[in-house]
Amino acid sequence: MFKIVRREEMTGGTVILNEIAAPLIARKAKPGQFVILKANEDGERVPLTMADSDPEKGTITVIYMVVGKSTALFKTLAVGDGYQDIIGPLGKPTHLEKVGTVVCVGGGTGIAVLHPITRALKEIGNHVISIIGARTKDLLILENQMRKVSHDLRISTDDGSYGHHGFVTEVLKEILENEDVKQVVAIGPVPMMKFVSKITAEYHIPTFVSLNPIMVDGTGMCGGCRVSIDGKTKFACVDGPEFDGHKVDYDELMRRLQAYCDEETECYEDYCTIRDAG
Amino acid sequence: MPEQKPEIRKRNFNEVPLGYTFELAQKEASRCLQCKKPGCVEGCPVAVDIPGFINFITKGDMTGSIRNLWSRNSLPAVCGRVCPQEIQCEQRCILAKRGDPVAVGHLERFSADYERAYGTGELPPNAPATGKKVAVIGSGPSGLTVSGDLVALGHRVTVLEAFHKPGGVLVYGIPEFRLPKEIVTQEVHFLERLGVEVKCNMVAGNTVSIDELFESGYDAVYIGVGAGLPRFMIIPGENLVGILSANEYLTRANLMKAYKFPEVDTPIPHGKNVVVLGAGNVAMDSARTALRLGADKVRIVYRRSRKEMPARIAEIHHAEEEGIEFFFLTTPVKYLGDEKGRLTGMACLKMELGEPDESGRQRPIPIPGSEFELQCDFCVVAVGSGANPLLTNATKDMKLNQWGYIVADPETGKTTKKGVWAGGDIVTGAATVILAMGAGRKAADSIHKYLTWGW
C-alpha cells in the first residue's frame with residue numbers, strides 16, 4: 001500500500017492534494033512525468049501527472065479535481081490511508097533548456113503539473129513569466145507557489161473576480177506583443193491548450209503542452225492514449241505526455257476523452273446514491 | 001470433455017469446458033499405451049513426462065501425478081488449458097495415427113485441478129539455498145517458468161511485474177472463459193509458497209533499471225516482458241471513438257474485470273455490431289468477449305482465407321459454435337465515422353490469394369474495384385503485436401534486432417549484456433504460452449550454470 005502522508009483540500013473541496021509515500025518512484029521522478037494510481041481492488045487505474053516529488057522524503061505529490069467515481073473515491077482517503085497500487089514514474093520528463101524568456105500558462109489543475117516545470121525552468125536560468133487562470137477566484141490553485149517560482153505572475157479569471165477579466169490567452173497575447181518570448185509551456189484543459197497553441201503559432205514560438213488522454217496501463221501496451229501529432233499516431237504514455245503544441249489534433253483528443261462519458265456518469269451516480277444512502 | 005452449451009455460454013464469462021470427472025479421467029488415462037520412446041514428450045517444449053503423469057492417474061495416485069507434472073512444469077493448470085496440444089504432444093501420440101490421440105491437455109488440466117481442489121498442498125522439496133539472487137522481469141508464462149525452475153534449484157528469485165497483478169498475458173490477455181483468473185492466482189501462489197517473491201507495480205526500466213538491479217545485489221536478470229506493443233492497421237480514421245486494440249479491450253475485460261462494470265470502476269465499450277480484425281487466438285478471444293458483453297453481431301474480418309487462420313482449431317470451432325461470423329479475404333482500407341467522431345463502419349476491399357510470401361502462406365492481393373462498406377459500431381484491432389520498447393530503450397548496452405526484439409542465444413537465452421537473459425515474446429515476437437515457457441526453461445538451465453560456474 002502507498003500511504004498518504006499529507007492531504008489538503010483546495011477550492012472548497014473540489015481539488016485535493018495528496019502527498020504519498022512512494023520512495024522508489026520519488027527517487028526517479030522528474031518534472032513532467034506521471035503516475036497511475038488505483039485506490040482499491042476494483043478501482044480504476046487513473047493517470048495523474050505529478051505535482052511534485054521529494055527523493056529525500058520518498059514522497060510524490062498529486063493534485064486532482066473530483067470529477068467522477070474514481071476521484072470521488074480518492075477523496076475519501078485520509079492521511080494514513082493509502083492507494084493499493086501506484087506505478088511510475090511514467091512518460092518522458094520535460095525537456096528543460098535555458099532559452100531566455102519563457103511563458104508558463106496553466107489552467108485549472110493543470111497549474112499543479114505546471115508548477116514543478118516552472119520551478120525547473122527558472123532554476124536553470126530562464127526568465128519565467130507565468131499566467132494562471134480559473135473560472136473564478138475561488139477555483140484558482142497554487143497562486144503563492146507559482147509566484148515563488150516565477151519572475152512575474154499574471155492571473156486571469158473568466159468572471160473577472162480576480163486579476164484579468166477574461167482568458168489566459170488574452171494575457172498571453174499581450175505578453176507576446178511586448179516581450180521576446182522564446183518558449184511557451186501550456187498545461188490545462190484541452191481547449192485552453194488548443195487556443196494557446198493557436199496564438200503562439202501565429203507568433204512562431206515553440207510551445208509544448210502536456211496531454212492526459214484516457215489510458216489503461218501507461219506503459220505503451222494498450223494504445224488507448226493514442227493522439228494524432230502532425231497527422232501521425234503517438235502514444236501519450238510513452239511518446240509523451242508532452243508534445244509540440246502546434247502539432248496536436250486537439251479536436252480528436254477532446255472527442256476521445258468523451259468516449260466513456262455515459263459510463264462515467266452512470267458509475268458516479270451509482271456511487272453517490274450508495275454513498276448518500278450511508 | 002463436457003462443455004457449456006454454446007447458446008448458454010455465449011452470454012456468460014464462465015469457463016467453457018467443464019473438466020473431467022475422476023471416472024472420465026481414468027478412462028482416458030487408461031488409453032495411454034505407455035510407449036517406451038514416447039513421441040509426446042519430444043513434442044512438448046518443456047518435456048513433461050507425459051506417460052509418467054498419466055500412469056499415476058490410471059493408478060489413482062493423484063499426488064504422484066501432480067508431483068510428476070511439477071517436476072517439469074510449474075503451470076500445469078494453465079498449460080492443460082491453453083497449450084496447442086494438437087500440434088505438440090497430441091500430434092505425436094501414437095494413437096493420433098488412428099485419429100484419436102490421448103487427450104494429454106485434458107488430463108494435465110484434470111491433474112492440476114484435482115490438486116487444487118483436493119490436494120494435500122504438500123510442496124516438492126527445493127535444493128539447499130545457494131545464496132544467489134535472480135531478478136525476473138515480467139510475470140508471464142516465461143518469467144514464472146524461470147522462477148519456478150530457479151527457486152527449486154535453491155536460488156532466491158524476485159519477480160518484478162509492471163501491472164498490479166502477476167500473471168502477465170495469463171491475466172490481462174486470456175479471457176476468464178478460457179482460463180479462469182483464480183487458476184492463475186493459485187499457480188502464482190504455488191510459486192510464492194516455493195519461495196518466489198513477487199513484486200507488483202514495478203515498471204522495469206522506469207521504476208528500476210537493470211543496472212540498478214545488479215547494484216542492489218542481484219546476480220542475474222531474466223527478461224520476459226512479452227510483446228506488449230499493439231499493432232494497428234495504420235489506415236485513415238483509426239483514432240475514431242469505438243476502435244480499440246485487442247490489448248486494451250482484453251486488458252479492460254480481463255485484468256480490470258470491466259465486464260462487471262459498474263460493480264467495478266473500469267468501463268468497457270459495449271458494441272452491438274462488432275468487427276474484429278485479425279484471425280489469431282487473440283482475435284477469437286476478443287470476438288467471444290464482445291459476444292459475452294451483449295453484442296448482437298460479431299464478425300471476424302481477415303485478409304487471408306480460412307486455412308491460413310493462425311488461431312487454434314478448437315478456438316475457431318468454439319467461436320463458430322457461438323455464432324461468430326467470418327469474413328475471409330477482406331481487408332479494411334478506411335474507418336468511417338459520424339460527426340461526433342464515433343465509428344460507424346469501414347470501407348473494405350476483397351482480396352485474392354497470390355504467390356506464397358516469406359511466411360510461406362499465399363499472399364493476399366486486393367481485387368481492384370471490389371470496395372464495399374461494412375457497418376459496425378465497435379472494432380477491435382487484433383492484428384498482432386510488436387516489441388514494447390520501454391525496457392529495451394532504458395537498457396542501452398543490450399543488442400536488439402531490426403524489429404526491436406532482444407537478441408538472445410536460442411539455446412541458452414543469453415543476451416549480449418552480461419548476466420542478462422531473455423525469452424518469450426520479447427525475443428521471438430508474439431507466440432504461444434508454452435513456447436515462452438520452453439524459452440524460460442532453457443534460460444533457467446543456463447542461469448543455473450552461470451550461477452554455479454560463471455558466464
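Here is the naming used below: chain letters follow the sequence lines, and residue numbers restart at 1 for every chain. Hydrogens, waters and symmetry mates are skipped; everything else that's a heavy atom, side chains included, is used. In this text the structure is predicted, and so the values were computed from the model without any measurement.
Residues B/Tyr172 and A/Asp217 are not in side-chain contact: their nearest non-hydrogen atoms beyond the backbone lie 4.5 Å or more apart. Counting only heavy atoms from C-beta outward, the side chains of A/Arg27 and B/Glu212 approach each other to under 4.5 Å. A 4.5 Å side-chain heavy-atom check between B/His164 and A/Lys38 finds at least one atom pair inside the cut-off. Side-chain contact between B/Leu390 and A/Val238: present, with at least one pair of heavy atoms (C-beta onward) separated by less than 4.5 Å. Side-chain atoms of B/Asn201 and A/Ile86, non-hydrogen and from C-beta on, never get closer than 4.5 Å to each other. B/Arg252 is listed as a side-chain neighbour of A/Val216, based on a closest heavy-atom distance under 4.5 Å. The side-chain heavy atoms of A/Thr219 and B/Phe163, taken from C-beta on, include no pair separated by under 4.5 Å.
The two residues A/Glu252 and B/Asn239 have their closest heavy-atom pair at OE2-ND2, 3.2 Å. Considering all non-hydrogen atoms of both residues, A/Gly220 and B/Pro230 come closest at O-CD, 3.4 Å. Closest approach of A/Ala259 and B/Val241 over heavy atoms only: CB-CG1, 3.7 Å. Across all non-hydrogen atoms, the minimal contact from A/Glu266 to B/Pro262 is OE2-CG, 3.6 Å. Smallest separation of non-hydrogen atoms from A/Pro89 and B/Asn206: O-ND2, 2.8 Å.
A/Tyr64 pairs by the ring-ring contact (aromatic ring centres under 6.0 Å, His included) definition with A/Phe74, not counting sequence neighbours.
Of the two parts of A/Glu263, the backbone and the side chain both hold a non-hydrogen atom closer than 4.5 Å to a non-hydrogen atom of chain B. Proximity to chain A involves both the backbone and the side chain of B/Ile243, based on heavy atoms less than 4.5 angstrom apart. In this structure, the portion of B/Asn388 lying under 4.5 Å from any heavy atom of chain A is its side chain and not its backbone. Contacts of B/Thr251 with chain A are made by side-chain atoms alone, with heavy-atom separations under 4.5 Å and no backbone atom involved. Within the 4.5 angstrom heavy-atom criterion, no atom of B/Leu250 approaches chain A. For chain B, no part of A/Tyr268 is nearby; none of its heavy atoms comes within less than 4.5 Å. There is no contact between B/Tyr249 and chain A, counting heavy-atom distances below 4.5 Å. No part of A/Leu257 comes within reach of chain B, as not one of its non-hydrogen atoms sits under 4.5 angstrom from that chain. Of the atoms belonging to B/Lys340, it is backbone heavy atoms, and not side-chain ones, that fall under 4.5 Å from chain A.
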- Kindly determine whether B/Leu229 and A/Phe235 satisfy side chain to side chain contact (heavy atoms under 4.5 Å, CB included), including the steps that lead there. CA-CA 10 Å; B/Leu229 183 78; A/Phe235 292 177; 4.1 Å; yes
- Query: Between B/Lys165 and A/Glu41, is a salt bridge (charged side-chain N to carboxylate O under 4.0 Å, His left out) present by the stated rule, with each step listed?
  - Reply: CA-CA 10 Å; B/Lys165 269 204 179 87; A/Glu41 185 61 29; 2.9 Å; yes
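Annotation for A/Lys3: atom NZ does not count as buried by contact number, only 12 or fewer foreign heavy atoms lying within 6.0 Å.
In this structure, SG in A/Cys222 is found 8.0 Å from CG in B/Asn247, a value given to the nearest 0.5 Å. Going from atom CZ of A/Arg45 over to atom CG of B/Asp265 covers 13.5 Å, rounded to the nearest 0.5 Å. To the nearest 0.5 angstrom, B/Glu263 atom CD is 7.0 Å from A/Asp42 atom CG. Distance CG/A/Leu24 to NZ/B/Lys199: 7.5 Å, rounded to 0.5 Å. We find the CZ-CG distance between A/Arg256 and B/Leu240 to be 8.5 Å, quoted to the nearest 0.5 Å. A distance of 6.0 Å separates CZ of A/Arg226 from CD of B/Glu238, quoted to the nearest 0.5 Å.
Between chain A and the residues B/Ser385, B/Ala162, B/Pro269, the most heavy-atom pairs under 4.5 angstrom are made by B/Pro269. Note on A/Met215, A/Met221, A/Glu44: by heavy-atom pairs under 4.5 Å with chain B, the leading option is A/Met221.
Of the possible donor and acceptor atoms, one in the side chain of B/Thr207 sits under 3.5 Å from a partner among the backbone N and O of A/Gly88.
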